[in-house]
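Structure first, commentary second.
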Amino acid sequence: MLSLAFIRENKELLLKGLAKRNFKDAERIVDEVIEKDSLRRNTQAALDQVLAESNKISKEIGNFFKSGEVQKANLLKEKTGQLKIQSKELNEKLNQISKELNELLYQIPNIPNELVPAGSTEEDNEIIFEEGEIPKLHESALPHWELAKKYDIIDFELGNKITGAGFPVYKGKGAKLQRALISYFLEKNSDAGYTEIQPPLLINEASGFGTGQLPDKEGQMYHVGIDNLFLIPTAEVPVTNIYRDVLLKEEDFPICNTAYTPCFRREAGSYGAHVRGLNRLHQFDKVEIVRIEHPDNSYAALDKMVEHVKEILKELGLPYRILRLCGGDLGFTSALTYDFEVYSTAQKRWLEISSISNFESFQANRLKLRFKNKEGKSQLAHTLNGSSLALPRVLAGLLENYQTEKGIKIPEVLQKYTGFDIID
RNA sequence: GGAGAGGUGGCCGAGUGGCUUAAGGCGCACGCUUGGAAAGCGUGUUUAGGAGAAAUCUUAACAAGGGUUCGAAUCCCUUUCUCUCCGCCA
């Protein structure tokens with residue numbers, strides 16, 4: 001959520017940014033926000049005045065009672081009736097305006113960074129980096145879901161039986177490979193200075209609001225109705241919410257955390273060839289990195305995160321590319337996002353395996369995550385996060401790209417975690 | 001799940017309707033004192049909103065939300081969390 005002070009003072013900049021996202025009705029909503037904000041402040045001032053008057057009289061009544069002048073006190077009591085009605089009305093008006101104002105405010109997405117290219121679809125994303133050679137596979141090369149079956153390492157049908165579509169069962173070397181990837185990713189992140197966290201996998205409404213999943217995107221999460229909790233769609237939610245309602249000191253920066261968690265996504269609809277196998281699941285594993293940064297450093301931090309993930313992909317020997325997302329493809333809360341895609345050779349398509357974003361102060365404002373700056377004033381911090389990495393598509397890439405006629409080879413960096421060098 | 005007790009500032013802790021403008025202590029900051037330090041003494045020490053060029057003024061906040069009252073940390077209701085005992089349990 002953008003701050004009202006920012007919206008008031010940077011209307012043109014805001015409209016320009018929203019245009020880049022093809023955000024409809026921007027001017028109407030922004031004008032309405034500005035108008036309601038001004039109305040809210042006037043109402044607040046009026047209410048304060050009534051309350052101040054009322055407080056004053058109450059004190060006088062107290063004094064009269066104490067000095068035994070009961071009649072005077074009772075006379076004054078009558079005077080407060082009118083003030084009470086007034087303050088009640090003003091208070092209701094204020095609540096109503098604040099509610100309307102917030103509803104409008106929640107609709108406004110973050111402003112894209114100037115680096116974000118204009119555009120409306122995936123096609124307009126900008127490819128900024130590409131590395132790794134696409135392997136030449138033998139003629140009988142298979143897509144990963146066939147390989148999974150052939151070597152009996154992932155069982156999709158079994159998942160259907162136990163739960164439903166999108167909940168695969170990993171078996172034998174498949175399960176071990178998953179565990180190896182998690183250990184490898186966490187180890188790399190720890191080595192790079194990230195603190196390992198094991199967060200809860202269920203979150204409450206306040207946490208969902210803090211990172212921007214609620215109130216609008218609740219349909220994407222699994223909801224446990226009886227306790228009103230949500231299964232996390234990503235570790236970003238619990239790990240970032242560690243810092244909800246927190247006032248940091250400048251010397252606390254940078255805060256770097258990493259967490260492995262399963263992630264749960266409802267993502268109703270869309271079944272078919274492009275979501276086959278591991279391409280899109282309801283439950284999947286992911287290792288996440290989250291940073292809380294001083295506003296002056298957040299873009300440098302974003303670059304560091306990108307470099308970090310590049311190194312991991314390079315070590316895994318997977319061909320990948322980095323996209324800078326265009327305005328239309330950018331997430332609601334993000335100011336700048338880099339997507340990493342791995343090439344799936346058997347499917348002949350790119351698969352998104354990481355998304356690294358700077359949210360600037362958009363989440364921090366919702367989270368009330370601030371720090372004391374050098375002037376001693378509290379200021380919103382910047383939040384960032386990225387995957388390092390999402391497992392299923394990395395696994396898909398590994399299976400397809402490392403398949404040989406003898407079996408699936410395991411990249412060297414993983415072998416110390418798997419304990420084997422081939423799946424056959 | 002059942003019964004009971006609780007939630008007060010950065011921390012500890014008093015506070016059963018009006019000198020609470022939240023006592024007292026600890027911590028922290030600054031000053032005095034000192035050769036220097038400690039101790040001592042003094043001053044200050046929350047967050048958010050509104051008005052103002054600023055000094056400053058003002059409103060709100062004692063777990064959260066409602067209510068009673070001229071007036072609520074204090075009384076009532078709901079929710080939530082913590083602790084103790086019992087039950088269940090990896």
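Chain naming here is simple, since letters A, B, ... match the order of the sequence lines and numbering starts at 1 in each.
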Does [N] pair with anything, Watson-Crick or G-U wobble, both distances under 3.5 Å, and if so, with which nucleotide?
| N | answer |
| --- | --- |
| B/rU20 | none |
| B/rA48 | B/rU59 |
| B/rG36 | none |
| B/rU84 | B/rA3 |
| B/rC75 | B/rG67 |
| B/rA29 | B/rU43 |
| B/rA14 | none |

Looking only at side-chain atoms of [X], point me to the closest of [options].
| X | options | result |
| --- | --- | --- |
| A/Arg41 | B/rC70, B/rU47, B/rG50 | B/rG50 |
| A/Gln44 | B/rU47, B/rU69, B/rG50 | B/rG50 |
| A/Lys84 | B/rA60, B/rG71, B/rA48 | B/rG71 |
| A/Ser378 | B/rG18, B/rA60, B/rU47 | B/rU47 |

Pairwise [atom1] distance, [M] and [N] [rounded to whole Å]:
| N | M | atom1 | answer |
| --- | --- | --- | --- |
| B/rG13 | B/rU68 | P | 34 Å |
| B/rG7 | B/rC62 | C1' | 10 Å |
| B/rU21 | B/rG71 | C1' | 15 Å |
| B/rG27 | B/rG10 | C1' | 8 Å |
| B/rG66 | B/rC57 | C1' | 31 Å |
| B/rG65 | B/rC32 | P | 45 Å |
| B/rU16 | B/rA73 | C1' | 11 Å |
| B/rG6 | B/rA90 | C1' | 30 Å |

inquiry  = Taking any heavy-atom pair under 4.0 Å as a contact, classify A/Ser58: base, sugar-phosphate, or nothing.
reply    =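 Base contact.
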[N] phosphate, OP1 or OP2: any side-chain N/O from [X] under 4.0 angstrom?
| X | N | value |
| --- | --- | --- |
| A/Arg370 | B/rU47 | no |
| A/Lys372 | B/rU47 | yes |
| A/Asn55 | B/rG18 | no |

Whole-Å gap separating [atom2] ([N]) and [atom1] ([X]):
| X | N | atom1 | atom2 | answer |
| --- | --- | --- | --- | --- |
| A/Asp245 | B/rA61 | CG | P | 18 Å |
| A/Glu53 | B/rC57 | CD | P | 19 Å |
| A/Leu51 | B/rA61 | CG | C1' | 13 Å |
| A/Ile61 | B/rG17 | CD1 | P | 18 Å |
| A/Leu229 | B/rC81 | CG | P | 9 Å |
| A/Leu247 | B/rA48 | CG | P | 7 Å |
| A/Lys59 | B/rU59 | NZ | P | 7 Å |
| A/Asp227 | B/rU79 | CG | P | 15 Å |

key: A/Leu47 or A/Lys88, whichever maps to the more 5' nucleotide of RNA chain B   =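 Whichever sits nearer the 5' end wins; that is A/Leu47.
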Does [X] pair with [Y] as a salt bridge, N-O distance under 4.0 Å?
| X | Y | result |
| --- | --- | --- |
| A/Lys310 | A/Glu307 | yes |
| A/Lys249 | A/Glu251 | no |
| A/Glu89 | A/Lys93 | no |

inquiry  = Between A/Asn279 and A/Gln347, is there a side-chain donor-acceptor contact under 3.5 Å, judged purely by atom types and distance?
reply    =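 Side chains of A/Gln347 and A/Asn279: pair found under 3.5 Å.
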task = Specify the closest pair of heavy atoms between A/Leu4 and A/Val33, including all atoms of both residues, with the distance to one decimal.
result =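 Distance-wise, the nearest heavy atoms are CD2-CG1, 3.8 Å.
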query = Looking only at N and O atoms, is any donor in the side chain of A/Asp48 or the base of B/rG49 less than 3.5 Å from an acceptor on the other one?
reply =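 Pair found.
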message = Could you check whether A/Phe185 and A/Tyr194 have their ring centres less than 6.0 Å apart?
response =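 Distance test on ring centres: not under 6.0 Å, no.
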ask   = Hey, mind stepping through A/Glu293 and A/Leu302 against side-chain contact (heavy atoms from CB on, under 4.5 Å) and telling me if it holds?
value = CA-CA 10 Å; A/Glu293 291 281 349; A/Leu302 183 68; over 6 Å; no
